[in-house]
Amino acid sequence: MRIDILTVLPELLKSPFEHSIMKRAQEKGLLEVHVHHLRKWAVNEYGQVDDYQYGGGAGMVMMPEPLAKAIEELSKERKYDEIIFLTPDGETLNQKISNTLSLKENILMICGHYKGIDDRIRQHFVTREISIGDYVLSGGELAAAVLVDSIGRLLPGVLNDETSALFDSFQDNLLAPPVYTRPEDFRGWKVPDILMNGDHKKIEEWRHEQSLQRTSERRPGLLD
Ligand code: 6GU
């Protein structure tokens with residue numbers, strides 16, 4: 001899969017993909033992330049990409065021309081399956097959306113800034129609008145990083161048996177069960193006996209019960 005990201009803050013998107021699973025996904029050639037500086041398509045030599053909003057009001061708006069030019073130039077090289085605008089008024093991200101997006105070949109993400117982007121870009125180019133939750137971030141970059149990570153880890157071959165996504169929280173609408181490692185007795189706090197007796201069938205039953213219990217206590221809405 002290839003993901004292109006349009007942003008006015010490319011520096012913010014360097015580190016998130018240079019470590020751990022995202023790094024491995026790229027090294028294995030399963031994921032390509034290309035970050036593009038929107039200023040490359042600025043309307044003048046000063047690098048302008050935003051302007052005052054019509055109708056008045058505080059805050060700048062990202063101009064349509066740089067975004068349209070960038071989208072069109074990138075689209076000449078490949079057909080995007082989705083052009084996603086990261087925005088707090090988009091559809092709230094969940095595991096199902098990430099699962100669906102992980103099946104695509106080419107995705108273009110647009111990070112908004114200031115008051116947002118000229119609505120004509122949303123109407124004529126954007127195919128999907130995604131938020132990562134009901135709170136406001138300064139820009140779409142961190143949200144794009146979250147989205148890339150949640151998609152990238154689902155690509156076949158990225159995770160191994162140990163890190164398998166099959167047992168993640170949310171993959172079956174259940175939260176993950178509690179986990180323990182050495183030592184067996186830490187400050188008098190003991191690991192549950194059932195995990196120590198080697199009966200794998202019993203352990204799986206226990207984990208499933210714990211998942212159900214956690215989900216009903218913490219996120220009852222997931223069980224509906
Ligand atoms: Cl995608 N962008 C911004 N600016 N804030 C957000 C968001 C996105 N998702 C939640 N808050």
Side-chain angles (χ1 to χ4, degrees), residues 1-18 21-22 25 31-39 41-42 47-55 57-68 70-71 74-75 80-104 106-155 168-170 175 218-219 221-222:
M1 161 182 280
R2 174 178 169 127
I3 298 176
D4 290 272
I5 307 178
L6 278 172
T7 172
V8 289
L9 289 174
E11 290 299 314
L12 215 47
L13 285 164
K14 270 179 68 90
S15 168
F17 314 125
E18 285 175 358
I21 291 169
M22 289 304 106
L31 173 67
E32 273 181 52
V33 182
H34 298 264
V35 178
H36 308 272
H37 202 324
L38 189 64
R39 296 229 187 268
W41 293 276
Q48 188 182 357
V49 293
D50 61 330
D51 210 335
Y52 297 100
Q53 55 177 314
Y54 280 123
M60 308 292 271
V61 173
M62 288 167 71
M63 304 170 83
E65 186 176 325
L67 285 165
I71 295 166
L74 293 169
S75 297
Y80 289 103
D81 302 301
E82 296 282 3
I83 298 181
I84 300 173
F85 177 45
L86 282 308
T87 176
D89 61 1
E91 170 184 21
T92 309
L93 182 62
N94 58 34
Q95 192 61 45
K96 185 157 173 270
I97 296 174
S98 295
N99 290 348
T100 303
L101 292 175
S102 75
L103 301 173
K104 310 289 183 185
N106 294 294
I107 294 178
L108 177 58
M109 297 185 189
I110 301 171
C111 303
H113 254 271
Y114 321 111
K115 276 281 157 198
I117 67 175
D118 188 289
D119 213 71
R120 289 166 289 189
I121 295 297
R122 298 173 71 160
Q123 292 165 28
H124 298 287
F125 290 100
V126 169
T127 61
R128 194 154 189 173
E129 303 190 321
I130 293 177
S131 159
I132 62 163
D134 291 342
Y135 43 85
V136 177
L137 302 168
S138 314
E141 285 76 13
L142 297 180
V146 166
L147 184 56
V148 170
D149 188 298
S150 77
I151 295 169
R153 61 197 303 285
L154 297 173
L155 302 176
D168 285 348
S169 282
F170 302 112
L175 301 183
R218 299 172 184 212
R219 299 291 306 279
L222 291 176

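As the structure lists them, so they are numbered: ligands from 1, and atoms in each ligand from 1. Starting from 1, each residue takes its place in the sequence as its number.
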task: Give a yes or no on whether a salt bridge exists between R128 and D81, defined as a side-chain N under 4.0 angstrom from a carboxylate O.
output: no

message: For a 4.5 angstrom cut-off between non-hydrogen side-chain atoms, does R122 reach I117?
response: yes

query: Are there more than 12 heavy atoms of other residues, nucleotides or ligands under 6.0 Å from atom OH of Y54?
result: no

query: For residues H113 and D50, is any side-chain donor paired with an opposing acceptor at under 3.5 Å?
result: no

- prompt: Ignoring hydrogens and geometry, is there a side-chain-to-backbone donor-acceptor pair from E129 to T87 under 3.5 Å?
  reply: no

Distance dump, ligand 1 polar atoms to protein, N/O, under 3.5 Å:
residue	atom	partner	partner atom	Å
ligand 1	4 (N)	L137	O	3.1
ligand 1	5 (N)	L137	N	3.0
ligand 1	9 (N)	S131	OG	3.4
ligand 1	9 (N)	I132	N	2.9
ligand 1	11 (N)	Y135	O	2.5

query: Under the side-chain hydrogen bond (donor to acceptor under 3.5 Å, both in side chains) test, which residues partner T127, sequence neighbours left out?
result: E82

